[in-house]
Amino acid sequence: MGLKLYNTLARAKEEFEPLQGRRVKMFVCGITPYDHTHIGHARTYVAFDVIARYLRHRGYSLFYLQNVTDVDDRILTRAPEVDIPWDDLGDEYLADYLKTMEALGVTSVNLYAKATDYIPEIIEQVEGLLAGDYAYQVDGDVFYQISSFQDYGKLSRVKLEKLRSGARVEVDKRKRNPQDFALWKSRKPGEPHWDSPWGAGRPGWHIEDTAISVTHFGPQYDIHGAGNDLIFPHHEAEIAQAEAFTGRKPFVKYWMHTGFVVIKGERMGKSLGNIIPVKEVLERYDPEVLRFFLVYTQYRSPIDFTYEALEEARRAYGRITEALERARAELSEAREERGDGDEELRGAIASASSDFFEAMDDDFNTRDALAALFSLTTTFRVDLDRGLSAGSLREFLDAFETYGTILGLFRGVAAPSVDLIDGLIGLLLRLREDARRGGDYEASDRIRKELTKLGVRLEDTSKGPRWRLP
RNA sequence: GCCGGGGUGACAGAGUGGCUCAUGUGACCGACUGCAGAUCGGUUUUAUGGGGGUUCGAUUCCCUCCCCUGGCACCA
């Protein structure tokens, strides 16, 4: 059974065959750090995190590269507004992004590459494009001449003559064609700049991705991903740049795009003022619940974000984690001899795993994969009442360990947090104090004795009870 | 205008040319229960936007219409 993925270039699911054996190179367009990380970012990067984890689970040796657009119009516009140097602003929001990703369990990225660390490579590509007559210089600016690239539009399937130029952005009059895009922008007062053969300036938006990816991956690689808003013009521009610069095509074998997060059916956007920062969600919900909510929908489908939907996800997720907690609790007291539910549970684990991997193989269908896990937990609960041996409980938990590693979920179930232990023991101590004050020394001694049996040492001091673990 | 994505039960959301059933949430009934919660069983449920075609058979394939939604030059 092979792994299939939806390739935007083909507008169809294709069998996944890496260019080089089992080695896979994946590039995903990262963020422009100029504001808080929002749930749209979370969606896309959690989706690719699952994809990366699954590819690795499938035995591929994956290098996952993500860029960071740390010099860009939006940063340069924002910085003076908040009166912070542009590079500090970028650092601040990059840190915010990385922290958010950590909270969400996004651990699969091998390298975050900042655009400003690749200025020489960017200049080299612009020079190459000028030399090949794919670009032209006007004053200190360099533009890509799209009429020189025959394949322009092959990813997005746009026809140049059908475009409404300037629908949202003013067209620079110096361009030979309104669709031409900037490779290099000349220095403007107060803006950061680097020396180049065309004078001081900074890179255009699209060129950093090709400079970074060609530097690390060479002229061709396997997977390029991003939100579907970047298909046009960004990815179209990347293809034009890379294929013209290297002379090799296709630049990327599989293009993968995530669906958008929408709010009440509408796209999330600055202009609509309906952007939801991840920070805001995490004030109310566990990061793992947010991750589950995102994984609960297949990566290409749009997600309508509402707190009601998040609440539903929380309940649904609780159904699984509750079962896992129960299994873990039962395991500590379970016996090795066979239980009446063993056979059925083992069969259910096998068929759930088969369904799970089949769903994941089909373009990473996490929704369908999760359906198999929900069914498995229901069977588990029924079988638990019939009786389960320690062996089958372990098999059940091991299976979820595997699913959890792939989906980046069920992490909190593995070990109770320090905070929780702290709270629980604190609660027992307060109950014991109440008992002591009420003269019920039988109860208070029993609490101390039981805690001691669990390895919690308890000492009464003049400042109240103190406890420590062995 | 051009290029995309999508309409499935009360809601969210998979899959499938025929098969008992996606899955989850909600509501209701029953079981369990000191209370609460969790859980189990059942119901809501003859679910596939309208019309036409292909077919023995269409939710699935084709045509058409309607509706929602994204992109159209610096947005994950």
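A, B, ... follow the sequence lines: proteins, then strands. Residue 1 opens every chain.
Residue-level contact check: A:G30 touches the backbone only, with heavy atoms under 4.0 Å from sugar-phosphate atoms and none from bases. Within the 4.0 angstrom heavy-atom criterion, only backbone atoms of the sugar-phosphate kind lie near A:N365; the bases stay farther away. Residue contacts for A:A47: at a heavy-atom cut-off of 4.0 Å it reaches no nucleic acid atom on any strand shown. When heavy atoms are screened at a 4.0 angstrom cut-off, A:V28 is found touching no nucleic acid atom at all. Note on A:R326: nothing from the nucleic acid sits closer than 4.0 angstrom, heavy atoms only. Among the atoms of the strands shown, base atoms are found under 4.0 Å from some heavy atom of A:H38. Using a 4.0 Å heavy-atom cutoff across all strands shown, A:A316 reaches sugar-phosphate atoms only and no base atom. Among the heavy atoms of the strands lying under 4.0 Å from A:R74 are primed sugar atoms or P, OP1, OP2 only; no base atom is included. Within 4.0 Å of A:F260, counting heavy atoms only, lies at least one base atom of the nucleic acid.
Annotation: cation-pi pair A:R367/A:Y296 present, NZ/CZ under 6.0 Å from the ring centroid and within 45° of its normal. For A:R284 and A:Y307, the positive end sits near the middle of the six-membered ring, less than 6.0 Å away and at most 45° from its axis. Seen from the ring of A:Y136, A:R176 counts as a face-on cation partner, given the 6.0 Å and 45° thresholds.
Base-pair partner of B:rG1: B:rC72 (Watson-Crick or G-U wobble, both distances under 3.5 Å). Nucleotide B:rU59 has no partner under the Watson-Crick or G-U criteria, as no pair reaches both atom distances under 3.5 Å. Using the Watson-Crick or G-U wobble rule with both distances under 3.5 Å, B:rG15 pairs with nothing in any strand shown. Applying the Watson-Crick and G-U wobble criteria (two distances, each under 3.5 Å), B:rC28 pairs with B:rG42.
Across the protein-nucleic acid pair, A:H234 atom NE2 and B:rC3 atom P stand 24 Å apart, rounded to whole Å. Separating the CD1 atom of A:I320 from the P atom of B:rU25 is a distance of 10 Å, rounded to the nearest angstrom. Rounded to an integer number of Å, the gap from CD1 of A:I231 to P of B:rU69 is 19 Å. One interatomic measurement links the two molecules: CG of A:D304 to C1' of B:rG24, which rounds to 17 Å at whole-angstrom precision. Distance, A:Q179 CD to B:rG71 P: 18 Å, rounded to whole Å. Distance, A:L407 CG to B:rG24 P: 16 Å, rounded to whole Å. The separation between A:L9 atom CG and B:rG4 atom C1' is 14 Å, rounded to whole Å. The distance from atom CG of A:D368 to atom P of B:rG24 is 12 Å, rounded to the nearest whole Å.
Contact annotation: side chain of A:Y152 to base of B:rA73, donor-acceptor pair present below 3.5 Å. Judged by atom type and distance alone, A:R315 does not reach the base of B:rA38 through any side-chain donor-acceptor pair under 3.5 Å.
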- Query: Run the ring-ring contact (aromatic ring centres under 6.0 Å, His included) check on A:Y403 and A:F356 step by step: do they pass?
  - Reply: CA-CA 8 Å; A:Y403 311 141; A:F356 178 86; 4.7 Å; yes
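If you check B:rA38, B:rA76, B:rG24 against the side chain of A:T378, the one that comes closest is B:rG24. Checking B:rG4, B:rU25, B:rG15 against every side-chain atom of A:R11, the shortest atom distance belongs to B:rG4. Taking the side chain of A:S301 as heavy atoms from C-beta on, and the options B:rC40, B:rA14, B:rA76, the nearest nucleotide is B:rA14. Set against B:rC40, B:rA38, B:rA14, the side chain of A:R367 has B:rA14 as its closest nucleotide. Relative to the side chain of A:F374, the nucleotides B:rG24, B:rA76, B:rA73 differ in distance, and B:rG24 lies closest. Candidate nucleotides B:rA76, B:rC40, B:rU39 were compared by shortest atom distance to the side chain of A:E322, and B:rU39 ranks first. Side-chain atoms of A:R157 lie closest to B:rG4 of the nucleotides B:rA76, B:rG4, B:rU23. The side chain of A:N228 lies closest to B:rG70, out of B:rG70, B:rA73, B:rU23.
A:R11 contributes a side-chain N or O that, together with a main-chain N or O of A:T8, makes up a donor-acceptor pair within less than 3.5 Å.
Ring geometry for A:F380 against A:F396 counts as parallel: the plane angle stays under 30°, on a 0 to 90° scale with 60° as the upper cut. Between A:W205 and A:H234, the ring-plane angle classifies as parallel under the 30° and 60° cut-offs.
A sub-4.0 Å separation between OP1 or OP2 of B:rG41 and a side-chain N or O of A:R381 is absent.
A:M256 has its side chain within reach of A:I223: a pair of non-hydrogen atoms, C-beta onward, lies under 4.5 Å apart.
Only the P atoms considered, B:rU25 is 12 Å distant from B:rG41, to the nearest whole Å. For B:rG17 and B:rU60, the P atoms lie 11 Å apart once the distance is rounded to whole Å. Look at the C1' atom in both B:rA73 and B:rC65: the space between them is 33 Å, to the nearest Å. If you take atom C1' in B:rA12 and the same atom in B:rA38, they sit 23 Å apart, rounded to whole Å. Rounded to whole Å, the separation between the C1' atoms of B:rC68 and B:rG49 comes to 11 Å. To the nearest whole angstrom, the two C1' atoms, one in B:rG6 and one in B:rU59, are 15 Å apart. Nucleotides B:rG50 and B:rU55 place their P atoms 23 Å apart, quoted to the nearest Å. B:rU45 and B:rU8 are spaced 12 Å apart, taking the C1' atom of each and rounding to whole Å.
For the pair A:V262 and A:R300, nearest-nucleotide mapping onto RNA chain B gives the more 5' position to A:R300. In this structure, A:D385 and A:A372 both approach RNA chain B, and ranking their closest nucleotides by distance from the 5' end singles out A:A372.
Here A:K185 does not pair with A:D139 in a salt bridge; the nearest charged N to carboxylate O distance is not below 4.0 Å.
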